[in-house]
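Shown next, in structure tokens, is the structure this report addresses.
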Amino acid sequence: MSVRVRMAPSPTGFLHIGGVRTFLFNWLFARQQGGEILLRIENTDTSREVEEATEQIQRSLRWLGVDWDGPVRFQLDTAERAVELAHELLAKGYAYEDDGAIRFRQPTDGVVSWTDAVRGHIEFRNDVLKDPVIVRSNGRPLYNFASPVDDILDGITHVIRGEDHVSNTPTQINILQALDAELPVYAHVPNINGENGRKLSKRRDAVALDDFVDAGYIPPALMNFLALLGWSYDDKTTIMSPSELVERFSLDRVVPSPATFDYKKLDWMNGVYLRELDEDEYAHSLETWLREHDIDWPVDRVRATVPLVHEKIEKLSQYPDFVRFLFEDVQPPDGVDGRIVEAAADRLAALDSWNAASIEQALRMLVDELGEKPRTAFQPIRLAVTGAKVSPGLFESLELLGRQAALERLRAA
RNA sequence: GGCCCAUUCGUCUAGUGGCCUAGGACACCGCCCUCUCACGGCGGCGGCACGGGUUCGAAUCCCGUAUGGGCCUCCA
């Protein structure tokens, strides 16, 4: 039997990073198995629906590189069928009316159990389960009913979802059994916590996928990082491309315990992926990011900076501050060693050709003649030219800045 | 409160009874490279929550305790 899974967000807001990770596991599993993956919007509670959410969820998934098969499904579309099934349960005595709503009647003795693909055997005593409302008095089905019903209708073979659904599972299994339906395989993946091991909080942590896009992370890096939150391939492999992840993913290597989101590790990993990009890809990522942040620096000049920043930054958001001196005027700090800067200006003014190699040669010669150490002598020049203590390589920066601007800055300092 | 789940370096994890004097990665610290910052190289610090069992032998199995989390909505 071929595998079919689903991603089932509720359209109540932006996509949460924990939800993204759960969807990623669904996607990796489906693609690994050569199966199908559906996107099903669980919108039976229209009162909580947020207008933009459905669009935004799709955009976020696409950005990450997670796709799905067939058109987007909406839970409301099958509401009628769900209500029919509820009436069948009513007729068979598996449900009863209560104040205009329909409640499912749980078995009163015995246990419900299943073998969770990530957590092993789990069982609940039936007598602790409450009779859930499955159809509201307004005639609309509720999650605990609509969701398993849709899973039947969609032919879902594996339900891969967050661990917060563990305690809904016995109820859903009882419903499925009353409906005489086959049970899917359940896999409950662990939660993701924030910095202090507590729940991710909107206030403290970056939680919306858009926050990560804004910060300048790139899709394969975030995917790699997220995949490693609760899953591993072996004892040493860390960096894996999307296709490697698809090839290697398996549910039995998902761990049952919750993970804490380590932003520093993500930063490092993003740097790894950024450095792996070739110049064109890098320039393209940069241009896209700049455009989305309303920075309209000339693209050919942005391209020219790529070799200077490629190895230096780990997030795209670090780019503007790092190279701002190439696009805007700078204000060098007070106290720059005028002797060295002036001498440098004289030497550079006399240069025949303006390129990094000749600039380096001239400046090193000067430093040598002055009896200075490169370390101490180049810093005032850097300050004068870039206005900052930290910058891309000095000689390359001077070349790109151009002779005229470089000399002006040196003389002004 | 009831039920359920989880617990290996600060963090993500490897580990399924002997290969473990517990391995890798991030972070941190030190050294090297070096025009700053990065990158890269080398080295270091650091952990099986606790208590009982079972066993010749336990991070691994069992029980209890503690801690954290989830659910207990006519939310999903």
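Throughout, protein chains are lettered first and strands after them, A, B, ... in sequence-line order, and every chain is numbered starting at 1. Reckoned from all heavy atoms, side chains included, excluding hydrogens, waters and symmetry mates.
- Positionally, the nearest nucleotide of RNA chain B for Pro392(A) lies more toward the 5' end than for the other of Pro392(A) and Asp164(A).
- Salt-bridge check for Asp45(A) with Arg140(A): failed, with every basic side-chain N at 4.0 Å or more from each acidic carboxylate O.
- Taking the six-membered ring for Trp and thresholds of 30 and 60 degrees, Tyr263(A) and Phe212(A) have nearly parallel ring planes, at less than 30 degrees apart.
- Within 3.5 Å, a donor on the side chain of Ser137(A) pairs with an acceptor on the base of C74(B), or the reverse.
- The partner of U54(B), taking Watson-Crick or G-U wobble pairs whose two distances both stay under 3.5 Å, does not exist in any strand shown.
- Comparing A14(B), C35(B), A76(B) by their closest approach to the side chain of Arg375(A) singles out C35(B).
- Looking at Arg382(A), its side chain comes within 3.5 Å of the base of C35(B) through a donor and an acceptor atom.
- Pair assignment for U7(B): A66(B), on the basis of Watson-Crick or G-U wobble contacts that are both within less than 3.5 Å.
- Among C72(B), C26(B), G70(B), the nucleotide with an atom closest to any side-chain atom of Lys130(A) is C72(B).
- Salt bridge annotation for Arg73(A)-Asp150(A): present, with a cationic side-chain nitrogen under 4.0 angstrom from a carboxylate oxygen.
- By the 4.0 Å N-to-carboxylate-O rule, Arg6(A) lies too far from Asp154(A) to be salt-bridged with it.
- The stretch residues 83-114 of chain A comes close to RNA chain B through Asp98(A), Asp99(A), Ala101(A), Arg103(A), each having a heavy atom under 4.0 Å from the strand.
- Distances shorter than 4.0 Å separate some side-chain N or O of Thr44(A) from OP1 or OP2 on A76(B).
- For Asp45(A), whose side chain is taken as the heavy atoms from C-beta onward, the closest listed nucleotide among U7(B), C75(B), C12(B) is C75(B).
- Among the nucleotides C4(B), G70(B), A76(B), the one closest to the side chain of Asn191(A) is G70(B).
- With hydrogens and angles left out, the side chain of Lys264(A) and the base of C26(B) share no donor-acceptor pair within 3.5 Å.
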